[in-house]
Amino acid sequence: MMESSYNHTTEAPATFILAGIPGLQSSHLWLAISLSIMYTTALLANTLIVTVIWIDSMLQEPMYCFLCVLAAVDMVMASSVVPTMVSIFSSGDNSITFNACFTQMYFVHAATAVETGLLLAMAFDRYVAICKPLHYKRILTPRVMLGMSVTITIRATVFMTPLSWMVSHLPFCGSNVVLHSYCEHIAVAKLACADPRPSSLYSLIGSSIIVGSDVAFIAASYILILQAVFSLSSKNAQLKALSTCGSHVGVMALYYLPGMASIYVPWLGKDIMPVHIQVLLADLYLVIPPTLNPIIYGLRTKQIRNRTWSLMTHCLFNHSNLGS
């Protein structure tokens with residue numbers, strides 16, 4: 001009896017219905033337009049960053065390698081959900097197959113786990129570059145960078161694989177309407193006919209460990225960076241460093257705060273925050289950082305800005321010469 005009740009192959013629905021943002025149906029069209037603009041910007045900007053760093057041999061320092069990987073992860077993260085959201089908000093096509101739902105869930109949450117690890121790696125890179133500049137190349141060797149990248153990827157895979165397995169093996173025998181605009185695991189798990197708390201608790205504990213430790217080390221890195229900056233005699237250098245750190249912290253806040261709200265609010269109770277606010281925050285934290293990251297981390301960097309301008313100028317002039 002217990003085995004048959006947990007056999008999702010006989011009880012799982014063929015499709016789930018994504019409700020979009022409950023309570024904001026009247027704004028779905030405007031949301032579709034806004035998301036389309038942000039998604040297009042994210043794809044173009046991140047593709048440009050990856051292309052410039054990949055083809056320019058002068059941009060092979062650890063900072064740029066991490067930025068290139070971050071841009072690629074941003075595109076994966078946004079592409080996992082935005083096309084689905086735009087389809088729901090613009091045309092009302094809100095069905096998603098069982099397998100596609102859990103594939104989306106895996107890629108979305110694995111990408112977010114990789115992203116937070118990359119933000120930590122980039123904070124560590126800036127700490128070494130500013131606080132220990134004479135030892136930069138000795139500390140951040142290619143072997144160390146590879147080890148950091150592999151560790152970040154393994155951590156995301158080890159965390160997400162059991163979570164996806166637990167949720168996908170829950171029995172779904174009732175409603176198939178997911179009160180979300182993508183297959184967010186808590187929203188999907190709530191539809192199960194069995195107790196979803198084991199998977200939700202696993203997610204809560206795992207996310208708290210990953211995000212909590214990353215945020216703590218990122219904060220420590222930037223505190224040490226600011227201490228080093230304030231010891232500089234040049235006021236211009238201080239202001240420049242403060243501007244850079246401030247923009248980085250702002251983007252991280254837009255990433256971590258909505259993400260943490262989507263993790264903890266369901267455990268604190270429905271009355272803490274309306275459902276449509278929860279869903280909207282969960283949507284935006286997957287779209288806003290991929291849109292802003294290439295601008296804040298990439299195009300504000302002088303070397304990348306100059307290389308990007310040179311590449312675009314070269315392409316435009318070559319195109320005009322071929323046309324003439």
Side-chain angles (χ1 to χ4, degrees), residues 8 12-13 15-20 35-36 38-40 42-43 45-47 49-50 66 68-89 93-121 149-170 172 178 180-191 199-200 202-204 206-207 210-211 214 255-256 258-260 262-263 279 281-291 293-294:
H8 77 281
T15 60
F16 287 109
I17 304 298
L18 297 170
L35 286 173
S36 297
M38 294 170 68
Y39 181 53
T40 302
L43 285 184
N46 283 296
T47 300
I49 293 293
V50 171
F66 285 133
C68 183
V69 177
L70 179 68
V73 172
D74 277 339
M75 287 190 284
V76 171
M77 187 166 69
S79 298
S80 298
V81 293
V82 176
T84 301
M85 292 186 208
V86 172
S87 177
I88 295 170
F89 297 152
D93 183 9
N94 56 358
S95 64
I96 184 170
T97 66
F98 184 86
N99 290 332
C101 181
F102 287 101
T103 301
Q104 182 188 66
M105 182 188 299
Y106 185 89
F107 276 101
V108 169
H109 295 295
T112 57
V114 170
E115 175 126 345
T116 182
L118 286 172
L119 293 175
L120 173 58
S149 300
V150 170
T151 301
I152 290 169
T153 304
I154 291 176
R155 186 183 70 167
T157 304
V158 168
F159 167 64
M160 268 312 300
T161 301
L163 179 61
S164 295
W165 186 89
M166 283 190 287
V167 180
S168 64
H169 281 71
L170 287 170
F172 296 93
V178 180
H180 218 292
S181 48
Y182 66 91
C183 287
E184 197 270 339
H185 76 272
I186 294 178
V188 174
K190 286 180 178 179
L191 301 179
S199 63
S200 298
Y202 173 86
S203 172
L204 179 70
S207 299
I210 291 174
V211 175
D214 286 355
Y255 177 72
Y256 284 114
M260 291 170 72
S262 68
I263 293 170
V279 176
L281 286 175
D283 289 350
L284 292 179
Y285 101 93
L286 295 176
V287 183
I288 291 179
T291 306
N293 280 344

**Report entry** Under 3.5 Å: donor-acceptor pair, side chain of Thr291, backbone of Met38
**Finding:** yes
Requested in this report: Report yes if some heavy atom in the side chain of Ser80 is under 4.5 Å from a heavy atom in the side chain of Tyr182; otherwise report no.
Outcome: no
Query raised in the report: Under 4.5 Å between any side-chain heavy atoms of Phe107 and Ser79, yes or no?
Result: no
Report task. Mind checking the CG-CG spacing from Leu191 to Leu170? Nearest 0.5 Å is all I need. Result -> 10.0 Å
Query raised in the report: Can you check side-chain contact (heavy atoms from CB on, under 4.5 Å) on Leu286 and Thr112, steps first, answer last?
Result: CA-CA 8 Å; Leu286 295 176; Thr112 57; 3.5 Å; yes
Query raised in the report: Do the non-hydrogen side-chain atoms of His180 and Asp283 ever get within less than 4.5 Å of each other?
Result: yes
Requested in this report: For the residue pair Tyr202 and Phe159, establish whether any side-chain heavy-atom pair is separated by less than 4.5 Å.
Outcome: yes
Query - Any Leu119 side-chain heavy atom under 4.5 Å of Asp214 side chain - result: no
Query raised in the report: Between atom OH of Tyr39 and atom CG of Leu43, what is the distance when rounded to the nearest 0.5 Å?
Result: 4.0 Å
Query raised in the report: Quick check: does any side chain N or O of Ser87 sit under 3.5 Å from a backbone N or O of Pro83, one acting as donor and the other as acceptor?
Result: no
Query - Side chains of Cys68 and Val50 in contact at under 4.5 Å (non-hydrogen atoms) - result: yes
Query - His185 vs Ser199, side-chain hydrogen bond (donor to acceptor under 3.5 Å, both in side chains): CA-CA, chis, key distance, verdict - result: CA-CA 9 Å; His185 76 272; Ser199 63; over 6 Å; no
Query raised in the report: Leu281 versus Tyr285: any side-chain heavy-atom pair under 4.5 Å?
Result: no
Query raised in the report: Between Phe102 and Phe98, is the gap from one ring center to the other below 6.0 Å?
Result: yes
Query raised in the report: If you look at every heavy atom in Ala121 and Ile152, which pair is closest and at what distance?
Result: CB-CD1, 4.3 Å
Report summary line: Nearest heavy-atom contact between His109 and Met160 is CB-SD, 3.1 Å
Query raised in the report: Between Leu35 and Val86, which heavy-atom pair has the shortest distance, and what is it?
Result: CB-CG2, 4.1 Å
Query - Minimum heavy-atom distance between Leu18 and Ser181, given as atom pair plus value - result: CD1-O, 4.0 Å
**Report entry** Step-by-step side-chain hydrogen bond (donor to acceptor under 3.5 Å, both in side chains) determination, Thr116 to Tyr256
**Finding:** CA-CA 9 Å; Thr116 182; Tyr256 284 114; 2.5 Å; yes
Query raised in the report: Any donor and acceptor pair, going by atom type alone, linking the side chain of Asp74 with main-chain N or O of Ala42 inside 3.5 Å?
Result: no
Report summary line: Scanning both residues in full, the closest heavy-atom pair of Val188 with Cys101 reads CG2-SG, 4.1 Å
Query raised in the report: Which value, rounded to the nearest 0.5 Å, describes the distance between Thr161 atom OG1 and Met166 atom CE?
Result: 10.5 Å
Query raised in the report: Heavy atoms, side chains only, cut-off 4.5 Å: are Tyr106 and Leu163 in contact?
Result: no
Query raised in the report: Are Ile96 and Cys183 close enough, and set up right, to give a side-chain contact (heavy atoms from CB on, under 4.5 Å), and what steps lead you there?
Result: CA-CA 9 Å; Ile96 184 170; Cys183 287; 4.1 Å; yes
Query raised in the report: Which atoms form the tightest heavy-atom contact between Glu115 and Met77, and what is the distance?
Result: OE1-CE, 3.6 Å
Query - Verdict with supporting geometry, Asn293 and Tyr255, side-chain contact (heavy atoms from CB on, under 4.5 Å) - result: CA-CA 10 Å; Asn293 280 344; Tyr255 177 72; over 6 Å; no
